[in-house]
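Accompanying notes for the structure given below.
Chain naming here is simple, since letters A, B, ... match the order of the sequence lines and numbering starts at 1 in each.
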Number of protein chains: 2
Amino acid sequence: MNDSGENGEKKRSRRPPAERTAQRDPERTRAAILDAATREFAENGMGGARVDAIAERAGTNKRMLYHYFGDKEQLYLRVLEEAYVSIRTAERALHIGDRSPEEGIGELALFTWRYFLQHPEFLSLLGTENLHRARWLRQSVRLKELHSHLIGELSDVLEQGKKQGVFIQTADPLHVYLTIASLGYFYLSNQYTLSTIFGRDLLEPTHLNAWERHIVHVTLTSIKR
Amino acid sequence: MNDSGENGEKKRSRRPPAERTAQRDPERTRAAILDAATREFAENGMGGARVDAIAERAGTNKRMLYHYFGDKEQLYLRVLEEAYVSIRTAERALHIGDRSPEEGIGELALFTWRYFLQHPEFLSLLGTENLHRARWLRQSVRLKELHSHLIGELSDVLEQGKKQGVFIQTADPLHVYLTIASLGYFYLSNQYTLSTIFGRDLLEPTHLNAWERHIVHVTLTSIKR
DNA sequence: CGAGCCGGTAACTAAACAGTTACTTGATGG
DNA sequence: CCATCAAGTAACTGTTTAGTTACCGGCTCG
């Protein structure tokens, strides 16, 4: 039933400048807008992003954008929610409790670093949202449980490590997560100013690999007995 | 526009009589604009900052702003340069080489954290500049030597620590600095989203103090033998 | 078969914005 | 004592922007 390609083209249009009929695909249009918006907001922030630019990137127009998402702010919030759901979903699939505590933490650190590296738009969106003091995120209800799971799982792993005597008793799950995230976030999100003032390209593979090892090393030595 | 006759009421002159002359103080006006611009750019980013808002905050008007700084971009660059000069100047005054290596590094970590805490506008400006891939910072020549000094001094302290056998041989000055800056920057610049998703106010004194101790602990354990 | 719904387009509008211009006031040195 | 210039004000301008409206045309179902 999937009509791929052209069905009978009986359409000899009379007027419109665009004679080519776009095949209708609401789901695709919606996804294209969301994707285009993600890139536009990530590159230019909330204040700098242009609604016209998003429509153009999505290969559609403003009318559709307002039709599906309401207005610029609601679209931005959807982009942000989507970004959070993506990283937390991938994170869950790790199941850091399946390995030894030490390996579990190391795995989480590696995953986080590599996810940040492959999703610069996520870091950028976080930066924008924080510039505005989480003005839009705070309105979103559906995001909290997403995170309580992360802390819960991390807490279990730490407890097990403490019982086994490999981790110090004061190790705190939130602190461990913040440590991992800090080291990845700052290096990447501030790579441009850092590369400029220190005169080294931080994105060179050699430096990236060194920093990856550094993150794991710092995280583990800070909680090991 | 303004037609001749009609000398009755209502002749709205284009130029209202200046009732009182503000005392002239070019240096003060200049400083007021720079200060107002710092706040406006920090709060709204480059795209969100409004020239009119800066003029109003400074208690002056756009004409003066353009007179002293050329245009919005040049003003922004001056704000950014000023911010970097401020932190590096304060940092230099620490003289971290005067203490034992361990104390020196701890001192640098404490200073950095506290400076970030007291100067949220600096963090915000860094975020904005990185969103734009250091577009303006790269144009600034006068900022590189400012930073080579920092790395040089840090390198000396680490060398001394290695000689004394208290630091590991692989400790790298840039990595140490990035570690310290990461842990402070992320916690503060992302405090709004983090507080929201984890349901804790990260700015509460208890949590701030705990994180301060954490930064020093993490930094030192990562390089100690 | 035709009414009306739905995905889609382009031109429009009111407001906001960066940057300019026309003008005023007062201090100073010749 | 006035010519000149710098500090300062507010209205203006051309452009950009978020959001709207008028319209198009194919598809579906009664």
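Taking the centre of each ring, A:Tyr192 and B:His132 stay at or above the 6.0 Å mark. Outside the 6.0 Å centre-distance limit, the rings of B:Trp211 and B:His207 are not counted as a close aromatic pair.
Rounded to whole Å, atom C1' of C:dG7 lies 13 Å from atom CD of A:Glu27. Distance CG (B:Asn44) to P (C:dC17): 10 Å, rounded to an integer number of Å. As a whole-Å value, the separation of B:Arg50 CZ from C:dA15 P is 17 Å. For the pair A:Ile33 CD1 and C:dG7 C1', the interatomic distance rounds to 11 Å; values are reported in whole Å. One interatomic measurement links the two molecules: CG of A:Asp52 to C1' of D:dT20, which rounds to 13 Å at whole-angstrom precision.
For A:Thr29 and C:dG7, the shortest distance from a side-chain N or O to OP1 or OP2 is not below 4.0 Å.
Salt bridge annotation for B:Arg138-B:Glu129: absent, with no cationic side-chain nitrogen under 4.0 angstrom from a carboxylate oxygen. With respect to the salt-bridge test (charged N to carboxylate O, under 4.0 angstrom), the residues B:Arg133 and A:Glu43 do not qualify. Taking a cutoff of 4.0 Å between a charged side-chain nitrogen and a carboxylate oxygen, A:Glu40 and A:Arg50 do not qualify as a salt bridge.
Shown for residues 53-74 of chain A: residues whose heavy atoms fall under 4.0 angstrom of DNA chain C, namely A:Thr60, A:Asn61, A:Arg63, A:Met64, A:His67, A:Tyr68.
Side-chain atoms of B:Ser140 and B:Glu81 include a donor-acceptor pair closer than 3.5 Å.
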